[in-house]
Amino acid sequence: MVIIAKPKKFNLRLMVQIFFFTLIALISVNKTLAATGMGIPFLSTASLHALCPFGGVETFFSLVTTGLFIPKTQISAVILMGLVFLLALLFGPVFCGWVCPLGAFQEWIGKIGKKLFKKRYNHFVPTKVDKVLRYLRYGVLVWVLTVTAVSGTLLFANLDPYHALFKFWTGTVALPALILLVFITIGSLFVERPWCKYTCPYGALLSLFNKIRIFKIRRKTETCVSCQKCSRSCPMNIDVCRNETVSSLSCISCYECTSDRNCPKAETLLVQATQKSPQVSIAVVAIVMLTVFIGGIVGSMALGIWSSKTNDQGSGGKNNGNGQKNKVEMLEDVTD
């Protein structure tokens, strides 16, 4: 008897991850090149903080209370924050599962871990310990927002592994951030997305949308064969096969568990608004996501709102003098 292997499904999410990772990497390199007069003309030279939606969250309090941006942030970060929130309301934390370069980096390192440890990979942390650790990121979120609001500066930048990942070669990254990046890289060999699971403050905030998202992952019990492939394919260790609706705070909306990806039964694990509504394919999710991002950015540019250039308004907490503002601007040109 000849056994015909089931063809692998096209990994659209991987293509999107590679696109955003490459884009941020090129922008980071181009900013350094631009400082020497060798920048690529058509490519942005924006600060990474100005292109991070979490920067919009961090600067929001200062913007509302003082009308000033936290140094190193800009209106672009606030716009991206709004776009990500809109997508999260629709599909959950798709930014985490599809766009975030640091999340993608951890996944790619994790592929090495899977080859090394096989079935043991992503199961090293005891279940009870894992459940407790998953609350840690909410504490990190509260801490980051508090110290940012009080100090008026991006103190988290000194610990930010995202910034370290794309700037480690410049010699301008704070040592704690580099050390944290090394720990995350090593940890990814044993645990899938350790930063996302346990300590990411932005992931903690976006996870709350899993409770109110419009389109949820739903499992049809009548066609489910309880093979548990959905649960095994989940990078966040969610026991998908035991839930009719996935609403776990740990879900990153990667959709690896769905019938479009790893579920062997057609129309069994679907993305739907309700059990009776039409399913939304992964391709449609990707199209909507890219349309919102590109449309939002282009639209804000057309309206003259978008700006990712180093901000000329510094908010330094209680000390908002011009001297501090100018000092921040000069430092940004060199370090970001």
Side-chain angles (χ1 to χ4, degrees), residues 10-27 42-44 46-60 63 73-104 107 162 196 200-218 246-247 249 251-256 258 260-261 270-274 277-308:
F10 178 69
N11 196 340
L12 178 60
R13 186 172 72 94
L14 177 60
M15 298 299 103
V16 175
Q17 286 179 308
I18 291 174
F19 169 75
F20 281 105
F21 187 94
T22 304
L23 178 63
I24 295 299
L26 288 174
I27 290 174
F42 62 85
L43 196 61
S44 173
S47 160
L48 290 183
H49 298 294
L51 296 178
C52 178
F54 188 53
V57 177
E58 291 176 287
T59 201
F60 192 74
L63 189 60
T73 64
Q74 189 41 285
I75 189 63
S76 55
V78 179
I79 293 171
L80 290 173
M81 175 192 72
L83 297 178
V84 171
F85 282 172
L86 173 60
L87 288 170
L89 183 61
L90 291 172
F91 305 113
V94 284
F95 175 83
C96 303
W98 289 68
V99 179
C100 178
L102 183 59
E107 275 193 31
Y162 159 74
C196 307
C200 179
Y202 196 41
L205 180 60
L206 294 180
S207 74
L208 302 177
F209 283 89
N210 279 315
K211 299 300 182 181
I212 60 173
R213 59 194 285 185
I214 296 173
F215 297 97
K216 297 183 178 181
I217 300 172
R218 302 180 186 276
V246 179
S247 58
L249 291 174
C251 181
I252 56 172
S253 296
C254 65
Y255 300 126
E256 288 298 309
T258 64
D260 278 347
R261 287 294 296 149
L270 310 172
V271 180
Q272 298 173 295
T274 66
S277 63
Q279 76 171 95
V280 178
S281 69
I282 287 180
V284 170
V285 173
I287 291 172
V288 172
M289 179 173 56
L290 293 174
T291 300
V292 168
F293 267 118
I294 296 173
I297 293 172
V298 172
S300 61
M301 285 180 174
L303 293 172
I305 301 173
W306 178 272
S307 176
S308 58

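This is a predicted model, so every value here is computed, not measured. Positions are given from 1, in the same order as the sequence printed here.
Judged purely by atom type and a 3.5 angstrom limit, T59 has no side-chain atom pairing as donor or acceptor with the backbone of G55. Judged by distance alone, the side chain of W98 and the main-chain N or O of S253 form a donor-acceptor pair under 3.5 Å. Between the side chain of D260 and the main chain of S281, no donor-acceptor pair closer than 3.5 Å is present. Counting only distance, with no hydrogens or angles, the side chain of K211 and the backbone of S247 share a donor-acceptor pair below 3.5 Å. Side-chain N or O atoms of Q272 include one that pairs as donor or acceptor with a backbone N or O of S277 at under 3.5 Å. At least one donor-acceptor pair closer than 3.5 Å links the side chain of S300 to the backbone N or O of I297. Between the side chain of S307 and the main chain of I75, no donor-acceptor pair closer than 3.5 Å is present. A distance-only check finds a donor-acceptor pair linking the side chain of R218 to the backbone of A273 [under 3.5 Å].
Ring geometry for F95 against F293 counts as tilted: the plane angle lies between 30° and 60°, on a 0 to 90° scale.
Judged purely by distance below 3.5 Å, without hydrogens or angles, the side chains of S308 and S76 never pair a donor atom with an acceptor atom.
Here the side chains of K216 and N210 are not in contact, with every heavy-atom distance at 4.5 Å or above. Here the side chains of V94 and Y255 are in contact, with some heavy-atom distance below 4.5 Å.
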If you apply the rule side chain to side chain contact (heavy atoms under 4.5 Å, CB included), what do you find for E58 with M81, and how did you get there? CA-CA 10 Å; E58 291 176 287; M81 175 192 72; over 6 Å; no
Verdict with reasoning, V284 to F91, per side chain to side chain contact (heavy atoms under 4.5 Å, CB included): CA-CA 11 Å; V284 170; F91 305 113; 5.7 Å; no
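Residues F85 and F209 bring their aromatic ring centres within 6.0 Å.
The environment of CZ in F21 is crowded: more than 12 heavy-atom neighbours from other residues, nucleotides or ligands sit within 6.0 Å.
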